[in-house]
Amino acid sequence: MSWRFGLDGRDRRNMMLATGVMILLLFVYADGSLGERVLAAVVGGLFAALIFAAVTVLINAYKPDHW
């Protein structure tokens, strides 16, 4: 399905890496109980993945031909 949006294997790998780092950082630095930290990390990670995918699709759609 991701090929419909112009995401190749490298883009998916980078998105997973960025999402994983974001989840880890949010889990470590969030303030609250364990459940609240996990929830904040998951929601923040999903938001990071969504933004990463949107930016990557826009870059792939509007990048110059010589890239």
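Only a predicted model underlies this, so the values are computations on that prediction, with no experimental measurement involved.
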**OP:** Write down the atom of L26, the atom of G44, and the distance for their closest heavy-atom approach.
**Re:** CD1-CA, 3.5 Å
Original post:
Are V42 and L34 linked, directly or through other ILVMFWY residues, by side chains that come within less than 4.5 angstrom of each other?
Top reply: yes
Original post:
Looking at side-chain heavy atoms only, is the closest gap between N60 and D11 below 4.5 Å?
Top reply: yes
**OP:** Following the transitive rule for hydrophobic clusters with a side-chain heavy-atom cut-off under 4.5 Å over Ile, Leu, Val, Met, Phe, Trp and Tyr, establish whether F47 and V55 coincide in one cluster.
**Re:** yes
**OP:** Locate the shortest heavy-atom distance separating M22 from A48; write the atom from each residue and the value.
**Re:** CG-CB, 3.8 Å
**OP:** Mind checking the CE-CG spacing from M15 to L50? Nearest 0.5 Å is all I need.
**Re:** 9.5 Å
Original post:
So if you build clusters from Ile, Leu, Val, Met, Phe, Trp, Tyr with side-chain heavy-atom gaps below 4.5 Å, do V43 and L46 land together?
Top reply: no
Subject >> Sidechain-backbone polar pair: R37 side chain, G32 backbone, donor-acceptor under 3.5 Å >> reply: no
Original post:
Quick one: CG on N14 to OG1 on T19, what's the gap to the nearest 0.5 Å?
Top reply: 10.5 Å
